[in-house]
There are 2 protein chains.
Amino acid sequence: MTKRSTRELIEENADALFYQGGFEATSFADIANAVGISRGNFYHHFKSKDAILDAVITRRLDATRAMLEHWEADASPEVRILAFIQILITNRTKIMAFGCPVGTLNTELSKLDHAAQNRAAEIFGLFRDWLAKQFTALGHNDDAEALALHLLGRSQGVAVMASAFRDEGFLRSEVASLEDWLQGLPQQLKTQQLKTRPRMTECS
Amino acid sequence: MTKRSTRELIEENADALFYQGGFEATSFADIANAVGISRGNFYHHFKSKDAILDAVITRRLDATRAMLEHWEADASPEVRILAFIQILITNRTKIMAFGCPVGTLNTELSKLDHAAQNRAAEIFGLFRDWLAKQFTALGHNDDAEALALHLLGRSQGVAVMASAFRDEGFLRSEVASLEDWLQGLPQQLKTQQLKTRPRMTECS
DNA sequence: TATTGGTTAGGACAGTCGTCCTATTGCTGT
DNA sequence: ACAGCAATAGGACGACTGTCCTAACCAATA
């Protein structure tokens, strides 16, 4: 395994701690303790708490770009959008415990009136633009961005409610509903029909 | 105007500050300063920060019950559910700045692993049960609760995204989409047809 | 070997946090 | 008028915060 630098270790641990406990509630001491270094050493790599937040957001932006690029290898726009929807299932345990990393960070930074909130929203922007591209490929010329935002919003709602109630059944039910919603969209240029599969009870 | 007691003033200010800045980021000094009293006086009324959080949650539970009871005066279940959807419009400015008070509090308390998160989720529970009652009145015997949770989740997603992007157009578009979703539901026992009205561009 | 410069540790700093204590004020009932 | 008690003010407390400083280490180079 590649040995990661101290700076990378700090970013990794800060990323996880900000997700699990929130930015404000996570202290320098928490991060330094998780990495196993002194606060002085920490300060040698990041000169302020905002600097580490900035690095974490950059890290998440990069990770998101890489994930979206990876999904581009999928056969059709439908399958790519389904890959997005499926992350709710893949990350369900963490989502039920801590919510969506993107949504909760934006929510917190909004309340703190933090300057980095705009950069955090860019992560949403990446998903929005990528999803809009997929919907455009499905023939939605005028409403591709609206569809992308709608899907993003639905996902965020699922994360918030599943976290508040710790309700995996609700999460799975809403994912099934989203998949049906995608399948039911009018698709002018649709080239490939998804095979139908059994679904859970749904409500829309 | 009725003169409010110091305790009520504390609860009011703490409620607003917890909403606007978050629970963790709001200090005793912030609240005492907003009310205009000393920290010592504050501690005479609430012996810990958890105690004031508990009072704020109780306050929100009571306010929610009162609001739901008030909506019961509306003519039909459809109109009552529409009243719920319309709070996104009514509170749009605050929602775009601070998100949904219920959702953001639950999100924060989840991350803090705070014992009061269960009580905070009860506020969602009030909405869920009330909405389920309305859907049941519309003839949805089996899926009333699923419909209620779906609508709650949709609303939460709207709040998160509208707050992240400060996008009022998205908020209004999603509200219109929700109204159409409600109107398009199969309603076995529907007694009154809503009059159609012009809608914004929507995406589902 | 001597020097350099990046890395690390650990403590100092002022400020703030939630909490607690004491003294004083002000009202109420007798 | 006086006793009693709630309400209020203000400061002390230890712990923790983000920040900064200095000294030691360690590897590479001259």
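Quantities reported herein were computed from a predicted structural model and do not represent experimental measurements. Protein chains get the first letters and strands the later ones, always in sequence-line order, with residue 1 at the start of each.
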Task: Gap separating the CD1 atom of B:I57 from the OG1 atom of B:T64, nearest 0.5 angstrom - done: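 Separation between the atoms: 11.5 Å.
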- [ ] Hey, could you give me the OG/CD distance between A:S110 and B:Q20, rounded to the nearest 0.5 Å?
- [x]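 Rounded to the nearest 0.5 Å, the OG-CD separation comes out at 13.0 Å.
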- [ ] Establish, yes or no, whether a centroid distance under 6.0 Å links the rings of A:H114 and A:F23.
- [x]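 Yes, they do, as the ring centres are separated by less than 6.0 Å.
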Could you give the side-chain donor-acceptor pairs of residues 122-130 of chain A under 3.5 Å, partners two or more places apart or in another chain?
from   : atom 1 : to    : atom 2 : distance (Å)
A:W130 : NE1    : A:L68 : O      : 3.3
A:W130 : NE1    : A:E72 : OE2    : 2.8

Task: Start and end of chain B contact along DNA chain C [non-hydrogen atoms, under 4.0 Å] - done: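 Span of nucleotides near chain B: C:dC17 to C:dC20.
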Task: Residues within residues 15-26 of chain A bordering DNA chain D, heavy-atom distance below 4.0 Å - done: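 Here the set is A:T26.
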Open item on the list: With heavy atoms of chain A within less than 4.0 Å as the criterion, where does contact along DNA chain D begin and end?
Closed with: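 Footprint of chain A along DNA chain D, 5' to 3': D:dT17 to D:dC20.
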Task: A:R65 and A:D62 ion-paired at < 4.0 Å - done: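 The answer is yes: the pair qualifies as a salt bridge.
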Open item on the list: So for atom NZ, which belongs to A:K133, do other residues, nucleotides or ligands contribute more than 12 heavy atoms lying within a distance under 6.0 Å?
Closed with: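 Count not over threshold, so no.
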Open item on the list: Looking at B:D74, I'd like to know if its CG atom is crowded, meaning that more than 12 non-hydrogen atoms belonging to other residues, nucleotides or ligands lie closer than 6.0 Å.
Closed with: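 Result for CG/B:D74: enclosed.
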Task: Five-pair end axes of the helix from C:dT1-D:dA30 to C:dT30-D:dA1, angle between them (10°) - done: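 The helix from C:dT1-D:dA30 to C:dT30-D:dA1 shows an end-to-end axis angle of 10°.
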Open item on the list: Quick check on side-chain contact (heavy atoms from CB on, under 4.5 Å): which of A:T136, A:L131, A:L138, A:L185 does A:L147 satisfy it with?
Closed with: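 Among A:T136, A:L131, A:L138, A:L185, the one that satisfies the side-chain contact (heavy atoms from CB on, under 4.5 Å) with A:L147 is A:L185.
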Open item on the list: For the residue pair B:D30 / B:S27, report whether a side-chain donor-acceptor contact shorter than 3.5 Å exists.
Closed with: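 Per modelled atom types, B:S27 and B:D30 side chains form a pair under 3.5 Å.
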TODO: Start with the C-alpha gap between B:E108 and B:Q117, add the side-chain angles, then the distance that decides, and say whether side-chain hydrogen bond (donor to acceptor under 3.5 Å, both in side chains) holds.
DONE: CA-CA 9 Å; B:E108 182 176 6; B:Q117 195 260 323; over 6 Å; no
TODO: For the pair B:F98 and B:Y19, name the ring-plane relationship: parallel under 30°, tilted 30 to 60°, perpendicular over 60°.
DONE: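 Taking B:Y19 first and then B:F98, their aromatic rings stand perpendicular (interplane angle over 60°).
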Task: Non-neighbouring partners of B:R92 that pass salt bridge (Lys or Arg N to Asp or Glu O under 4.0 Å), sequence neighbours left out - done: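 Counting only residues at least two positions away or on another chain, B:R92 forms a salt bridge (Lys or Arg N to Asp or Glu O under 4.0 Å) with B:E168.
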- [ ] Please figure out whether B:R7 or A:D30 has its closest DNA chain D nucleotide nearer the 5' end.
- [x]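 Closer to the 5' end of DNA chain D: B:R7.
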